[in-house]
There are 2 protein chains.
Amino acid sequence: MNLNRLMALRKEKGWSLQYVSDQLGMAKSTYAGYESGYRRPSLEAIKSMAELFDTSVDYILGRTDTPFAVLGQSDGSLELTPFLETALSVDGIVLSQEELQHFIAFIRAKREIEQTVSQAKNE
Amino acid sequence: MNLNRLMALRKEKGWSLQYVSDQLGMAKSTYAGYESGYRRPSLEAIKSMAELFDTSVDYILGRTDTPFAVLGQSDGSLELTPFLETALSVDGIVLSQEELQHFIAFIRAKREIEQTVSQAKNE
DNA sequence: CTTTTTTGTTCTCGTTACGCGTACTTTTTA
DNA sequence: TAAAAAGTACGCGTAACGAGAACAAAAAAG
């Protein structure tokens with residue numbers, strides 16, 4: 001596992017090794033070691049880098065290909081209904097309408113059961 | 001920075017230290033050290049943990065409070081991934097983390113079954 | 001209740017590899 | 001063309017990682 005994305009992130013911002021290592025409070029050679037794959041950063045270090053580069057640790061590690069989240073509705077939430085316009089996917093495979101309806105039915109049933117149980121407890 | 005969420009994640013799943021360390025291919029004392037804050041995991045280790053617990057490195061590190069994300073894809077669809085900044089709701093009630101996890105697990109299980117069935121048919 | 005097994009905690013020890021300084025090459029700027 | 005900045009590479013001292021072992025506590029089995 002190398003941290004190939006580090007250099008790309010730094011270049012995107014037009015920053016030098018010296019500038020980045022100053023911001024991170026470490027030696028230039030230390031940070032350079034991360035980019036070249038000669039050394040691996042500590043958790044603290046990679047966290048600082050994610051903050052400096054304004055992205056996620058998962059993105060730096062290559063666990064995800066999307067560096068930024070996109071918010072849905074005005075209030076920041078997404079409404080999941082049986083007639084959803086936008087597509088939802090899991091593991092890169094778009095959910096079918098059938099899958100969505102199954103899931104919604106599942107959640108509703110679960111909540112009804114939980115409500116019944118909690119009512120029973122209060123009596 | 002301690003990794004308080006590790007124990008919670010493990011307990012949620014009802015797993016023992018031995019089981020988790022076996023899955024991660026490390027000594028029990030090594031993983032125990034991470035939970036107690038006595039040792040800090042390598043990047044490889046924390047990546048494996050995120051995978052095992054089905055969440056994001058950012059969540060384990062406490063960089064985000066929500067273990068799943070809805071991300072915009074290039075094709076305009078939405079991808080549900082392990083790190084998060086928005087909420088999904090059903091009938092106006094925001095889905096809990098548990099419900100999201102059930103949802104993703106449900107979809108994955110369903111697809112695995114379907115794949116197995118279709119494989120069986122082709123033989 | 002007693003025994004056995006599993007689970008969790010803590011310590012020591014050997015070794016890895018981290019982080020820095022430094023020296024060097026390459027590139028940019030004036 | 002000289003000087004400054006940027007990038008690369010290496011050696012050294014040491015922090016701390018990871019495994020194993022030993023022990024306590026809790027759970028399961030008998």
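Heavy atoms only: backbone and side chains are in, while hydrogens, waters and symmetry mates are out. Chain A is the first sequence line, chain B the second, and so forth, proteins listed ahead of strands; every chain is numbered from 1.
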### Summary
For A:Ala45 and A:Pro41 the tightest heavy-atom approach is CB-CB, 3.8 Å
### Summary
Closest heavy-atom pair, B:Arg63 versus A:Ser56, reported as atoms and distance to 0.1 Å, is NH1-CA, 3.5 Å
### For atom CD of B:Gln18 and atom C1' of C:dT5, their distance in whole Å
12 Å
### Helical bend (five base pairs per end, nearest 10°) for the helix from C:dC1-D:dG30 to C:dA30-D:dT1
50°
### Query
How many angstroms lie between atom CD1 of B:Ile46 and atom CG of A:Leu61, to the nearest 0.5 angstrom?
8.5 Å
## Note on the structure
Between CG of A:Leu43 and P of D:dA16 the distance, given in whole Å, is 13 Å
### Query
Do A:Trp15 and A:Leu9 come close enough that some side-chain heavy atom pair is under 4.5 Å?
no
### Query
So do the side chains of B:Val20 and B:Met49 get within less than 4.5 Å of each other, counting heavy atoms only?
no
### Task
Measure the spacing between NZ of B:Lys13 and CD of B:Gln23 and express it to the nearest 0.5 Å.
11.5 Å
### Query
If only atom types and distance count, is the side chain of B:Arg39 paired as donor or acceptor with the main-chain N or O of B:Thr30 below 3.5 Å?
no
### Spacing of B:Glu35 atom CD relative to D:dC17 atom C1', expressed in whole Å
17 Å
### Summary
Whole-Å distance, A:Glu44 CD to D:dA16 C1', equals 15 Å
### Task
Using only side-chain N and O atoms of A:Arg10, determine if any of them is under 4.0 Å from OP1 or OP2 of D:dA6.
no
### Query
How does protein contact run along nucleotides 13-30 of chain C, one letter per nucleotide 5' to 3', with B for base contact, S for sugar-phosphate only, - for none, heavy atoms under 4.0 Å?
-----BBBBB--------
### Query
Do A:Glu51 and A:Lys47 come within less than 4.5 Å of each other through their side chains, counting heavy atoms only?
no
